[in-house]
Amino acid sequence: MSSVLFDVPGPKARARYRAVAVVSTLVLAGLIGWVLWILYQNDQFTEAKWQPFTDAAVLRNLAQGLLLTLRAAAVAILLAMVFGAVFAAGRLSDHRWLSWPSALVVEFFRAVPLILLILFLFLLVGGTLGRFWCLVLGLMLYNGAVLAEIFRAGVTAVPRGQSEAAYAIGLRKGQVMRMILAPQAVSAMLPAIISQCVVALKDTTLGIIISTEDVINTARLIYNDFRYNNAIIVGLMLAVVFIIINYSLSKLAVYVERRLASRGERAVDHSQIASV
Amino acid sequence: MINFGALGEMLPSILDGFWLTLRLLAYSAVIATVLGTLLATMRVSPIAVLRGFGTSYVNIFRNTPLVVLFIIIVTGGPQVVGRTEFTTLATVALSLYTAAFVCEGLRSGVNTVPTGQAEAARSIGMGFTQTLTIVVLPQAFRAVIPPLASVYIALAKNTSVAAAFGVAELTYRMRSLNEQFPQEAVTRFSGIVLFYVIIVAVISGIAQILERRLAVSR
Amino acid sequence: MRYAKTKALLAGALLVSLAACGGGGGGSTVKVDVNKDAKFPSGSTMAKLQDAGKIKIGVKIDQPGIGFKDAGSDVPEGFDIEMGRIVAAGMGLSDDQIEWVTTISDNREPFLQKGTVDIVIASYSITDERRQIVGQAGPYYVTGQQLLVAADDDSIKGPDDLDGKKVCSVTGSTSIETVEKEYGANPAGFDSYSECVTQLQNGNVDAVTTDGAILLGYAAQDPDNLKVVGDPFSEERYGVGYKKGDTEFCQYITDTIQKAMDDGKWADAFKATLGKSGVDTPEPPKMDPCE
C-alpha cells in the first residue's frame, strides 16, 4: 500500500525528501540525545547504578527469576491451548446450551483485566495453589479465552464449500470438524498463536501484584535497594531482554505467515482478536 | 456468593476508583491516538529515516511488558523529572505503550483499502497528502474501527497495572478493601469487574454503531 | 542509548552464563540451641514437625531489621527471622530445616488456613478480626505507627502535619487507611515498603508510614537521608500466626519465646537486628495467654 501512495521521486522531490530527511534526523537525534543528556545529568550513568550487575549472586538470582518467568509463560500457553480448544469447540457447537455458556466464559475472561484476575485468584486459592500456579492459572484463563477466539476464527475461515462437500459425501459433524476443518484451520492459526505467546510472556510480568518470584521480583529487590535506587537502569535492562525474546517470536510469526501466504492460505489476523 | 450488603458499603470506594480509571483511560486514549497517528504517518511516509523511527518505536514498545515501562517511568521517572503525580506518570507510560498499538491498528486498517483506490487517485494527479487525506483515510476509517476498538479496550484493561504503582484506581480497591472485608473476595471482585465490563461494553458498542454508520459499499 | 544498550547486552549475556552457578547468601546472627532431645505428645503439631524434620515459616522479605532479603542473598534476615529460628530450634529443627516462605499482607491468613505455611512471623499485628480466622501467639514485640520522612524535612513532625501531604504505604494496610481517613493525607499505595522508601528518596512522596520498627530499619540503612519522626500513634502487637484452634501449639510457641525472653536470647536477637539502628533494647512485652 505505502508504495503506491507516492511516485518514484523526481529530482525536485528527491531534494525535498533529502531536506526533510536531514531535518527529521536532526530532530530525532536531538530528541534521543536530549533524553540521554537528562539521564546523564541526573546521575543515571554513575557506577553505583550499574554496580549490582557486576555482582554474581545478583545476576544468578536474576537469571533464576527469568527462567521462572519463561516457565510460567510456557506452561500457561500450553494449558491455554487446551482451554482454548475446548471452548472454541463449545462455542462452535450447534447446541445452544453448549455454545452460549462457552461464549459467556470466553467473553468474560477477555473483558477482565488480567492483573485483577490474578490478584483475585491469589486471594481465593493462593493458600492452596501458591503464587506460581495462581499466575499460571490467570494467564491460562485469559490467553485461553483469546486462543478460543483465534481457533474459532481459524475454523470459520475455511471456505464453506469444504464443509458442504464433506457433508455431501456423508461425513458426520464430528468427522467434518476433525478431518476437514481443524487441519486446515491449524496452519491458518499458527502465526496468531505465536503472537499470543508474545502476549503471554509480557503478561507474566503482571505477577508483580502477587510478588511471584520471577525476574520482576528480583529486579524490584535491586532497584528498591537504597544503595542502587536504579529503577530506570534496571527497567531498561529488563526491556532489552524482553524485546530480544519477543522480537524473535514476532519475526517467527511473520515468517510463518509469509510461508502460508506463499501457499495461498490466509492467516487469522491476530490484531483483530487479541487485545494487548 | 455475592454479599450485596457489603457490596453496597464498598460502592463509594469502588466508584472513586472507577472515576480514576476513567480519567486514566481518557487521557491516555487521546495522547496515544495523537502519537499513534503520527507514528503511522511516519511508517507510510517516503522518508526512510521517519519510516525507520516509526518501525523501531513500534517494535520496541510492542515487545516491552507494560509493567517494565511502569518501572522505568513511574518508579524511576521522578529521579529524573522531579516530583510528579503518580497518575500523570501512569498516563505517560500507558500512552507511550498504547501509541505503538494504535499505529499498528491504523496501518492494518489502511492496508484494507484496495490498492486500486490509491492508484486511481495517483493517476488523476493527486500527491501523497491528497491521496492519503481525500481517498485512502476516509475509507480506511471504517476499517480501522475494529482494530482500534480492541486497542482501546486493551488500554482500559491495562490501566489496572497502575494499581501496583501508587494509583488508587479500580483494581487498587480490590486490595484496599481487603482489610475491611477480608472474607468478601468474591463480592469485591464482582463489584470491580462489573465496572470493567461496562467500559468494555461501551467501547465495543460505540465501535459497532460507528461501523454501521460508516459502512461503505464496494 | 548505545552505551546503555551495549552494557545491557553484556549483562544479559553474563546473566545467562551465570544461570548455572551457585552463590552464597546472608548469614544468620544469633546462636540458637537446637534442642534435639525435645519430646512432645504424639499427634501434636510439634511432634509432627519434629518427625517431618522441616518447618515452613511465612516471613516478609522487604522489611530491613525485621524480615529482609536483598537481591543477592538466598536467606532472609531480621528480628522475625530470629524469632522463627528460636521457635524451630525448640523442636530440634536447625536452620537448614527451615523453609522461609515469602508472604505479603494479603495472603497471611489463607496461607495459615490452607497449611501452606506452619507459622507466620511477618510483622503480623494481633487484631480481633484476625484472631477470628487464625491463631496469633504473642505479642513478641510491640511497636506503633510512625512516620519516615526525608532527613532535611522539618515540615512533618507528627501525624497532625499530614493533611494534604502525599503519604506512601502498602496497599490495604491499616496504616494507609488511618492516615487517609483520620489525618487527611493523600495516600499512595504500593506493594512493598521498599517501593515507598524509594519514592521517598526520590522526593515523590512526603512520608512513608507504618510500624516504627519497620521504619527504623530503613532509617538505619540510610541515616543521611531518612529519619523517623513523632511518637507512635497506634499500638501494634506482633504475634506469631498459627492455624486457628491449635492451642497446644500456641502454648509451645509462647513458652519457647518466653524462655528466650528470660535467658537473653530475645535481647540478643534484637541487638543483632532492629537494634542496629541505634535504638535501645526494650523490655520484652508480656505475652497473652493461649485460649
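A, B, ... follow the sequence lines: proteins, then strands. Residue 1 opens every chain.
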*Check whether any side-chain heavy atom of Gln199(C) sits under 4.5 Å from a side-chain heavy atom of Thr75(B), and report yes or no.*
yes
*Mind ranking Arg173(B), Met174(B), Gln79(B) by heavy-atom pairs under 4.5 Å with chain C and telling me who comes out on top?*
Gln79(B)
*Heavy-atom distance under 4.5 Å to chain B: side chain of Gln201(C), backbone, both or neither?*
neither
*Proximity breakdown for Glu195(C) and chain B, heavy-atom pairs closer than 4.5 Å*: side chain
*Among Lys166(C), Glu129(C), Glu177(C), which has the most heavy-atom pairs under 4.5 Å with chain B?*
Lys166(C)
*Under 4.5 Å heavy-atom distance to chain C, tell me which part of Ala164(B) shows up: side chain, backbone, both or neither.*
both
*Would you say Phe195(B) has more than 12 foreign heavy atoms packed within less than 6.0 Å of its CZ?*
yes
*Who pairs with Phe165(B) by ring pair (Phe, Tyr, Trp, His ring centres under 6.0 Å), at least two apart in sequence or on another chain?*
Phe70(B)
*asked:* Give the interface residues of residues 202-217 of chain C toward chain B, defined by a heavy-atom separation under 4.5 Å.
replied: Asn202(C), Gly203(C), Asn204(C), Val205(C), Asp206(C)
_Any residue of residues 140-157 of chain C which, by heavy atoms, sits under 4.5 Å from chain B_ = none
*Is any residue of residues 82-96 of chain B within less than 4.5 Å of chain C by heavy atoms, and which ones?*
Gly82(B), Arg83(B), Thr84(B), Glu85(B), Phe86(B), Leu89(B)
